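Scroll down for the structure; my scribbles are underneath it.
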Amino acid sequence: MIQTRGERTFTVFSAIVMILLTVFAFLPFLLIVIASFTDETTLIRNGYSFFPEHTSLEAYRYIQSAAYTFVRAYGVSFAVTILGTGIGLLITSMLAYPMSRTDFKYHNVLAFIVFFTMLFSGGIVPSYIMWTQYFHIKNTLWALILPNLLANGFNVLLVRNYFKNNVPLEIIEAAQIDGASELRTFFRIMLPLSMPVMATVGMFMGLAYWNDWINALYFVSKPQLYGIQNLLMQLMSNIQFLNSGQASSVLGAETVQLPSTAVRMAMAVLGIVPVLFVLPFMQKYLTRGVVIGAVKG
């Protein structure tokens, strides 16, 4: 199709605007990467800069000294993210499916219950008592998976709307006529036809699990179960303690100066790298899954 002069002008203008927005979005991450390779003294004296006076690998050497701990924390984070996202997607989709079926008698009741959880919660103290004294998940891997993140009312409604607006009821009726059970209909028809919204919700859940540090703060006291985010917090606390004047009085030695600012930036880089690898593969589903799933049905 031949574009008019005005359409070509708008296309070029839109492309320029999007390129500028992309550059502005990328610059903060680039600044973090450069700061992680900047000498600590330079950071303190001159602040953050895209063109530092002196570079240094001291921050990454410090992290390398705790390589085993980092590998273990990455393993915990990957395990929690994969398990939590997989189980969460299954629970979310299986709850959204009956809510999307208008022929199900209690679909509005389920929708109200799910929406109610978005407005009210039991609070931190009752939740802590429930999970630790009744479910006994303290200092287990399930403590990083079950509380707070496993199911979310917004995600359930998003999937419900996608099921309702994009999977015709006639397909489900045809499957029932052919003798398919509800479970077979759900796994063989609904899920394959709902990949955009499942990938989108899965990305939301995966990012939430990867960035989570609250669950470990509340329910975990064993360092062996720390994920990457909690390990970064612990290492930063250790560095601040060693750089403070309290270290000499407690340890009986001279204060050790470590590259706290550069290490913080290096840790941020290491924490975000896995997300940068996964996000491009989910990008094609994101817009379609969010826009279509958010349509009120």
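Values reported hereafter were calculated over all heavy atoms of this structure, with side chains retained and with hydrogens, waters and symmetry mates removed. These numbers come from a predicted model, not from an experiment. Position 1 is the first residue of the sequence; numbering continues from there.
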Indicate the atoms forming the closest heavy-atom contact of [X] with [Y], along with that distance.
| X | Y | answer |
| --- | --- | --- |
| A96 | V159 | CB-CG1, 3.7 Å |
| S36 | A59 | O-CB, 3.8 Å |
| F50 | L27 | CE2-O, 3.7 Å |
| Y48 | A35 | CD2-CB, 3.7 Å |
| N166 | P168 | O-CD, 3.6 Å |

I need the [X] [atom1] to [Y] [atom2] distance, nearest 0.5 Å.
| X | Y | atom1 | atom2 | answer |
| --- | --- | --- | --- | --- |
| N46 | H54 | CG | NE2 | 8.5 Å |
| F163 | L191 | CZ | CG | 5.5 Å |
| L31 | F26 | CG | CZ | 11.0 Å |
| L83 | Y209 | CG | OH | 9.0 Å |
| M198 | L193 | CE | CG | 12.0 Å |
| I214 | N230 | CD1 | CG | 9.0 Å |

Is there a side-chain contact between [X] and [Y], using heavy atoms and a 4.5 Å cut-off?
| X | Y | result |
| --- | --- | --- |
| I228 | W210 | yes |
| N139 | F219 | no |
| Y162 | M190 | no |
| K138 | W131 | no |
| V167 | S194 | yes |
| F70 | L231 | yes |
| M99 | L157 | yes |

Are [X] and [Y] joined in one hydrophobic group, where the rule is that I, L, V, M, F, W and Y side chains link up if heavy atoms are under 4.5 Å apart?
| X | Y | answer |
| --- | --- | --- |
| V23 | L20 | yes |
| L95 | M118 | yes |
| I16 | F13 | no |
| L90 | V197 | yes |

task: For W213 and L232, run side-chain contact (heavy atoms from CB on, under 4.5 Å): C-alpha distance rounded to whole Å, both residues' side-chain angles, the deciding distance at 0.1 Å, then the answer.
output: CA-CA 10 Å; W213 54 274; L232 300 185; over 6 Å; no
- prompt: Which residues satisfy the side chain to side chain donor-acceptor pair (under 3.5 Å) test with T41, sequence neighbours excluded?
  reply: none
message: If the condition is side chain to side chain donor-acceptor pair (under 3.5 Å), which residues does S93 pass it with, not counting sequence neighbours?
response: none
Return yes if some donor-acceptor pair links the side-chain N/O of [X] with the main-chain N/O of [Y] below 3.5 Å, else return no.
| X | Y | value |
| --- | --- | --- |
| T38 | P52 | no |
| D39 | S56 | no |
| T117 | V114 | yes |

Taking distance alone, no hydrogens or angles, what donor-acceptor pairs closer than 3.5 Å link side-chain atoms of residues 104-112 to residues at least two apart or in another chain?
{"residue": "H107", "atom": "ND1", "partner": "F104", "partner atom": "O", "Å": "2.8"}

task: If a pair satisfies salt bridge (Lys or Arg N to Asp or Glu O under 4.0 Å) and one of its residues is in residues 204-231, list it, with sequence neighbours excluded.
output: none
If the condition is ring pair (Phe, Tyr, Trp, His ring centres under 6.0 Å), which residues does [X] pass it with, not counting sequence neighbours?
| X | value |
| --- | --- |
| F24 | none |
| F115 | none |
| Y68 | none |
| Y218 | none |

query: Take atom CD1 in I124; do more than 12 heavy atoms of anything else shown fall under 6.0 Å from it?
result: no
message: Checking V76 against Y226 for the side-chain contact (heavy atoms from CB on, under 4.5 Å) test, could you report, in this order, the C-alpha distance in whole Å, the side-chain angles of both residues, the deciding distance, and whether it holds?
response: CA-CA 7 Å; V76 172; Y226 281 170; over 6 Å; no
Donor-acceptor pairs under 3.5 Å, side chain of residues 179-188 to any protein atom, not counting sequence neighbours: which ones?
{"residue": "S181", "atom": "OG", "partner": "R184", "partner atom": "N", "Å": "3.3"}
{"residue": "E182", "atom": "OE1", "partner": "Y97", "partner atom": "OH", "Å": "2.9"}
{"residue": "E182", "atom": "OE1", "partner": "R101", "partner atom": "NH1", "Å": "3.0"}
{"residue": "E182", "atom": "OE2", "partner": "Q176", "partner atom": "NE2", "Å": "3.2"}
{"residue": "T185", "atom": "OG1", "partner": "S181", "partner atom": "O", "Å": "2.8"}

field: Counterpart residues, salt bridge (Lys or Arg N to Asp or Glu O under 4.0 Å), relative to E53 (two or more places apart)
entry: R45
query: side chain to side chain contact (heavy atoms under 4.5 Å, CB included) with S49: which residues, sequence neighbours excluded?
result: F51
Which donor-acceptor pairs under 3.5 Å do the side chains of residues 141-153 make with protein atoms, sequence neighbours left out?
{"residue": "N148", "atom": "ND2", "partner": "N215", "partner atom": "OD1", "Å": "2.8"}
{"residue": "N152", "atom": "OD1", "partner": "F154", "partner atom": "N", "Å": "2.9"}
{"residue": "N152", "atom": "OD1", "partner": "N155", "partner atom": "N", "Å": "3.3"}

